[in-house]
Amino acid sequence: MSSRSHPHPTTQADRPRLSRDYFARSAVEVAREILGTKLVRLEPGRSRLSGWITEAEAYIGPEDLASHARHGHTDRNSAMWGEPGHAYVYFTYGMHWMLNLVTEVDGRPGAVLVRGMLPDEGLETIRKRRNRPDPQLTDGPAKLCQSLAIDGNLDGHDLCVPEAELYLNPGVEIPDRAVTIGPRVGLNHVPEPWLSQPWRFRVNPGFLTDLVEKESGA
DNA sequence: AGGACGATTAACT
DNA sequence: GTTAATCGTCCTG
């Protein structure tokens, strides 16, 4: 099956994917809960890449002045307004792609920005694409997209169908004591209260790496 | 038509 | 700590 040169005990065959119902909740709830789940990328005719999500932010709707939904339904943010469980992928700063997971009920534009992960499968491929030291491979939203070859082709992609090329698997449970909650980052010209809402969720550095080492029987 | 700016990153002082 | 890179999107007029 796998073309990896050495087995990795934490790499498993597909488990049940996170379902439409999973995403059909508030963005804040989903942003917290997806920590530790596994983001899986199947590249057509190529390899299978994956990693455990370590950081996410919630964008709750049109009233949230930090959200792209603040301008209403536009061509770019169209995926946000659709069915939950799809990807919203956008281009910014003239060079970077960002991955969001559409949440909330159909018609309400909630989204969760995936800001970081700990790589699992496809590490060699990711290293080639990033050409950086391991800690800096996927510790940012644009780095993660570069690593997994996520771009505009995946905008609107359905994460909850069998043929999905991008989806989530259950991963490891992250206890509250291992999560740091704070304001979202990179927001400019965003007024209060939106600027300071504690909608960024991050797994404490080291927690997942330690856990993964134990699981792989080190 | 023009301009401001961006849910970032890497390099630099 | 600061700043350049780089261009699509959305606003104003």
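Order of the sequence lines sets the chain letters (A, B, ...), proteins ahead of strands, with each chain counted from 1. Here the structure is a predicted model, which is why all the values come from computation and not from measurement.
When the P atom is used for both dT6(C) and dG2(B), the distance is 23 Å, rounded to whole Å.
Here Tyr167(A) sits in one hydrophobic cluster together with Val40(A), Leu42(A); the rule is ILVMFWY side chains under 4.5 Å apart, joined directly or through other members. In the hydrophobic clustering, where aliphatic and aromatic side chains (Ile, Leu, Val, Met, Phe, Trp, Tyr) are joined below 4.5 Å either directly or transitively, Val105(A) stands alone.
Follow the hydrophobic side-chain contacts under 4.5 Å out from Phe201(A) and you reach Val172(A) in the same cluster. Leu113(A) and Tyr93(A) end up in different hydrophobic clusters when Ile, Leu, Val, Met, Phe, Trp and Tyr side chains are linked at under 4.5 Å.
Checking side-chain atoms of Thr54(A) against main-chain N and O of Gly116(A) turns up a donor-acceptor pair under 3.5 Å. Ser147(A) places a side-chain N or O within 3.5 Å of a backbone atom of Leu137(A) that can act as its donor or acceptor partner. Put simply, the side chain of Glu57(A) gets close to the backbone of Val185(A): a donor and an acceptor are under 3.5 Å apart. Judged by distance alone, the side chain of His68(A) and the main-chain N or O of Asn77(A) form no donor-acceptor pair under 3.5 Å. Remark: side-chain polar atoms of Arg17(A) are paired, donor with acceptor, to backbone N or O of Val161(A) under 3.5 angstrom. Counting only distance, with no hydrogens or angles, the side chain of Glu124(A) and the backbone of Lys128(A) share no donor-acceptor pair below 3.5 Å.
Listed by residue number, Gly140(A), Pro141(A), Ala142(A), Lys143(A) are the residues of residues 136-149 of chain A with a heavy-atom contact under 4.0 Å to DNA chain B. In the region residues 100-117 of chain A, proximity to DNA chain B at under 4.0 angstrom, judged on heavy atoms, holds for Asn100(A), Leu113(A), Arg115(A). Of all the residues in residues 27-36 of chain A, not one reaches under 4.0 Å from DNA chain B with any non-hydrogen atom. If you check residues 58-85 of chain A against DNA chain C, the residues with a heavy atom closer than 4.0 Å are His71(A), Thr74(A), Arg76(A), listed by number.
Mapping heavy-atom proximity under 4.0 Å, the span of DNA chain B touched by chain A runs 5' to 3' from dC5(B) to dA11(B). From the 5' end on, the contacts that DNA chain C makes with chain A at under 4.0 Å to a non-hydrogen atom open and close at dA5(C) to dC11(C).
For the side-chain hydrogen bond (donor to acceptor under 3.5 Å, both in side chains) test, residues two or more places apart in sequence or in another chain that qualify with Arg184(A) are Asp64(A). Residues satisfying the salt bridge (charged side-chain N to carboxylate O under 4.0 Å, His left out) criterion with Arg20(A), sequence neighbours excluded, are Glu83(A), Asp158(A). Here Glu43(A) pairs with Arg129(A) under the side-chain hydrogen bond (donor to acceptor under 3.5 Å, both in side chains) rule; sequence neighbours left out.
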Query raised in the report: Hey, mind stepping through Arg130(A) and Gln146(A) against side chain to side chain donor-acceptor pair (under 3.5 Å) and telling me if it holds?
Result: CA-CA 7 Å; Arg130(A) 292 280 306 140; Gln146(A) 186 192 359; 2.7 Å; yes
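Arg132(A) comes within 4.0 angstrom of the backbone, heavy atoms only, and of no base. When heavy atoms are screened at a 4.0 angstrom cut-off, Met95(A) is found touching base atoms of the nucleic acid.
A salt bridge links Asp134(A) to Arg127(A): at least one charged side-chain nitrogen sits closer than 4.0 Å to a carboxylate oxygen.
Ring centroids of His96(A) and Phe91(A) are separated by 6.0 Å or more, keeping the two rings apart.
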Query raised in the report: Just the dot-bracket of DNA chain C, please: which string comes out with Watson-Crick or G-U pairs under 3.5 Å, [ ] for crossing, | for another strand?
Result: |||||.||||||.
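Closest approach of Gly72(A) to Trp81(A), counting heavy atoms only: C-CZ2, 3.3 Å.
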